[in-house]
Amino acid sequence: MKDFSSVLLSWYGSHKRKLPWRDIKDPYQIWISEIILQQTRVAQGYDYFLRFIKRFPNVRTLAAASQDEVLKYWEGLGYYSRARNLHEAAQGMGGVFPSSYQGVIALKGVGEYTAAAICSFAYNMPYAVVDGNVYRVLARVFGVDKPIDSTEGKKYFAALAQQLLDKKRSGDYNQAIMDFGALQCVPVNPVCAQCPFVRRCAAHKTGRVALLPIRRNKTKVSARYFSYIYVRQGSFTWLHKRDKKDIWQGLYEPLLWETKSEIKPASLQKSALWKHIFGNRTPRLLSGPLRHLLSHQILCAYFYEVTVPDHIRVVDGCVRVPQKELQNYAFPRLVQKGLVSVLN
């Protein structure tokens with residue numbers, strides 16, 4: 001389809017979304033926006049971007065901040081490795097954002113898609129983006145039945161995207177095809193009747209719109225069961241900082257019991273560990289069960305409260321903090337929901 005890019009850019013001219021990271025050439029701000037949008041919807045990421053840029057307006061301010069503060073500004077967005085990677089990458093830039101594709105793609109947390117987006121938007125370099133929206137648009141319009149999660153499929157779509165790219169308007173073209181996938185050629189119930197490609201769309205002609213793109217493998221989802229204990233010790237509480245290579249690394253949470261299945265309060269209280277720490281004190285249910293879906297895990301959590309005297313020793317791995325300072329710590333969204341009455 002020789003005129004694919006021109007038709008797409010014409011559509012973009014009247015459908016372009018007004019976003020704070022559009023129509024700017026600052027590679028730093030574009031980088032921040034792209035990392036936020038890696039696993040986040042535009043509507044959710046909008047305000048986070050504005051707050052983040054206000055506090056960290058350039059590479060130097062981000063590099064100079066503590067990881068705890070960066071995570072606090074990321075609180076609620078999820079996929080916190082993105083924030084840790086941003087911080088680490090900024091600290092290695094020497095105050096100047098890289099100006100070459102090789103320099104950009106070498107940044108921690110930046111892959112081919114993000115590097116192409118940054119370089120095309122900031123520098124108009126001729127690199128085509130390939131994300132979920134692009135896979136969907138190209139698979140449907142051109143009738144591509146190669147699995148997008150196969151090596152062959154990824155190579156094919158990358159080559160097709162690069163072939164279709166308007167190299168004189170790389171940034172606009174990449175924005176256009178992503179907006180087209182987000183607004184017009186959406187995953188479910190796309191607006192085919194008003195699509196500029198409807199007469200030439202291979203998927204529409206063959207009744208395969210709902211079947212494309214093809215994904216070969218499905219992500220396996222596992223279940224995890226959390227029992228959180230919010231400790232009241234006078235005007236203090238106990239917090240644990242997650243530091244393992246697991247979800248929410250670097251974020252804070254109350255004392256946690258993780259089990260292979262749901263555990264009732266009575267069983268919790270009878271456990272040897274509970275008795276060792278809290279004796280015969282009874283946990284009081286604050287909230288739960290709360291279910292939280294991650295990309296590959298389903299979390300089921302209960303939140304309990306227990307009051308202890310001042311002489312009880314803090315559990316190893318936890319820190320004792322003033323309850324009035326809880327707003328200074330970054331918590332996973334699940335913890336925020338479970339402790340809403342405490343944190344607000």
Side-chain angles (χ1 to χ4, degrees), residues 65-81 83-84 222-294 297-344:
S66 68
Q67 185 184 93
D68 278 353
E69 185 182 13
V70 174
L71 288 173
K72 181 63 180 176
Y73 274 81
W74 204 267
E75 185 180 43
L77 268 179
Y79 298 93
Y80 292 92
S81 61
R84 295 192 298 270
S222 59
R224 299 175 70 176
Y225 300 89
F226 292 174
S227 294
Y228 281 112
I229 315 300
Y230 183 79
V231 177
R232 288 190 181 275
Q233 192 170 38
S235 61
F236 292 84
T237 189
W238 302 354
L239 292 182
H240 169 256
K241 186 176 184 179
R242 297 184 70 95
D243 56 2
K244 297 188 299 182
K245 294 293 183 180
D246 193 5
I247 59 172
W248 307 330
Q249 183 182 347
L251 272 69
Y252 290 84
E253 62 188 1
L255 184 63
L256 170 64
W257 258 255
E258 181 172 354
T259 52
K260 294 181 179 180
S261 59
E262 286 191 72
I263 183 171
K264 301 299 181 182
S267 300
L268 183 68
Q269 191 176 358
K270 290 178 182 178
S271 69
L273 183 58
W274 179 276
K275 289 184 177 297
H276 175 71
I277 301 171
F278 301 118
N280 293 321
R281 292 175 179 86
T282 302
R284 184 177 74 86
L285 182 65
L286 289 175
S287 57
L290 297 180
R291 286 177 170 78
H292 189 73
L293 180 63
L294 301 178
Q297 298 178 28
I298 297 176
L299 309 181
C300 178
Y302 286 86
F303 290 81
Y304 299 97
E305 177 183 70
V306 63
T307 300
V308 301
D310 193 61
H311 71 268
I312 296 292
R313 183 182 173 184
V314 178
V315 174
D316 288 343
C318 287
V319 293
R320 189 169 179 259
V321 302
Q323 295 183 65
K324 65 181 181 180
E325 295 181 7
L326 287 175
Q327 69 274 10
N328 298 328
Y329 293 84
F331 296 99
R333 177 165 292 184
L334 175 61
V335 172
Q336 287 180 309
K337 290 180 179 178
L339 298 180
V340 64
S341 61
V342 174
L343 297 176
N344 292 339

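All values derive from a computational prediction rather than experimental measurement.
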Undergrad: Among all residues two or more places apart in sequence or in another chain, which pass the ring-ring contact (aromatic ring centres under 6.0 Å, His included) test with Y252?
TA: Y329
Undergrad: So, for Y80 and P332, which heavy atoms are closest and what is the spacing to 0.1 Å?
TA: OH-CA, 3.9 Å
Undergrad: Which residue pairs satisfy the side-chain hydrogen bond (donor to acceptor under 3.5 Å, both in side chains) criterion with at least one member in residues 283-292, sequence neighbours excluded?
TA: R284-E305
Undergrad: With a 4.5 Å limit on heavy-atom distance, are the side chains of R242 and I247 in contact?
TA: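 In contact.
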Undergrad: Identify the two heavy atoms, one from G250 and one from R84, that lie closest to each other, and give their separation to 0.1 Å.
TA: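 G250 and R84 have their closest heavy atoms at N-NH1, 4.3 Å.
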Undergrad: Quick one: which residue pairs count as a side-chain hydrogen bond (donor to acceptor under 3.5 Å, both in side chains) with a foot in residues 265-279, not counting sequence neighbours?
TA: Q269-T282
Undergrad: State whether E69 and K72 are salt-bridged, where the test is any N-O pair (Lys NZ or Arg NE/NH1/NH2 against Asp/Glu carboxylate O) under 4.0 Å.
TA: no
Undergrad: To the nearest 0.5 angstrom, please state how far the OG atom of S227 sits from the NZ atom of K264.
TA: 10.5 Å
Undergrad: I need the minimum non-hydrogen distance between P254 and L339, along with the two atoms involved.
TA: CG-CD1, 3.5 Å
Undergrad: May I ask you to decide if V335's main-chain N or O and E253's side chain share a donor-acceptor pair within less than 3.5 Å?
TA: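 Between the backbone of V335 and the side chain of E253 there is no qualifying donor-acceptor contact (under 3.5 Å).
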Undergrad: From L71 CG over to F331 CZ, what is the distance, rounded to the nearest 0.5 angstrom?
TA: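 One gets 12.5 Å once the value is rounded to the nearest 0.5 Å.
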Undergrad: Do the side chains of Y225 and K260 get nearer than 4.5 Å, heavy atoms only?
TA: no
Undergrad: Once ring-ring contact (aromatic ring centres under 6.0 Å, His included) is applied, do any residues pair with Y73, and if so which ones, sequence neighbours excluded?
TA: F56
Undergrad: Hey, what do you get for CD (Q297) to CG (D246), rounding to the nearest 0.5 Å?
TA: 6.5 Å
Undergrad: For D243, give me all partners under salt bridge (Lys or Arg N to Asp or Glu O under 4.0 Å), at least two apart in sequence or on another chain.
TA: none
Undergrad: Look up atom CZ in R313 and atom CD1 in I277, then write down how far apart they are to the nearest 0.5 Å.
TA: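 Atom-to-atom, R313:CZ and I277:CD1 are 11.5 Å apart.
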Undergrad: Which residues pass the ring-ring contact (aromatic ring centres under 6.0 Å, His included) test with F226, not counting sequence neighbours?
TA: Y228
Undergrad: How about Q233 and I312: do any of their side-chain heavy atoms sit closer than 4.5 Å?
TA: yes
Undergrad: Judged by atom type as modelled, is there a donor-acceptor pair below 3.5 Å linking the side chain of T237 to the main-chain atoms of R232?
TA: no
Undergrad: In the structure I gave you, are the side-chain heavy atoms of I229 and F278 within less than 4.5 Å of one another anywhere?
TA: yes
Undergrad: Do side-chain atoms of R224 reach the backbone of L299 as a donor and acceptor pair under 3.5 angstrom?
TA: no
Undergrad: Please report the closest heavy-atom contact between V306 and R281, naming both atoms and the distance.
TA: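 Where V306 meets R281 most closely, the heavy atoms are CG2-CB, 3.9 Å.
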Undergrad: Can you tell me how far apart CZ (F236) and CD (E325) are? Round to the nearest 0.5 Å.
TA: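 Separation between the atoms: 8.5 Å.
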Undergrad: Taking the side chain as everything from C-beta on, heavy atoms only, tell me whether L273 gets closer than 4.5 Å to W257.
TA: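 Answer yes - side chains close enough.
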Undergrad: Should L326 and L239 be marked as a side chain to side chain contact (heavy atoms under 4.5 Å, CB included) after you check the CA-CA gap, both sets of side-chain angles, and the distance that decides it?
TA: CA-CA 9 Å; L326 287 175; L239 292 182; 3.9 Å; yes
Undergrad: Evaluate Y302 against E262 for side chain to side chain contact (heavy atoms under 4.5 Å, CB included), listing each step before the verdict.
TA: CA-CA 9 Å; Y302 286 86; E262 286 191 72; 2.7 Å; yes
Undergrad: Within this structure, what is the CD1-SG distance for the pair I263 and C300, rounded to the nearest 0.5 Å?
TA: 12.0 Å
Undergrad: Taking it one step at a time, do L255 and H240 satisfy side chain to side chain contact (heavy atoms under 4.5 Å, CB included)?
TA: CA-CA 6 Å; L255 184 63; H240 169 256; 6.0 Å; no
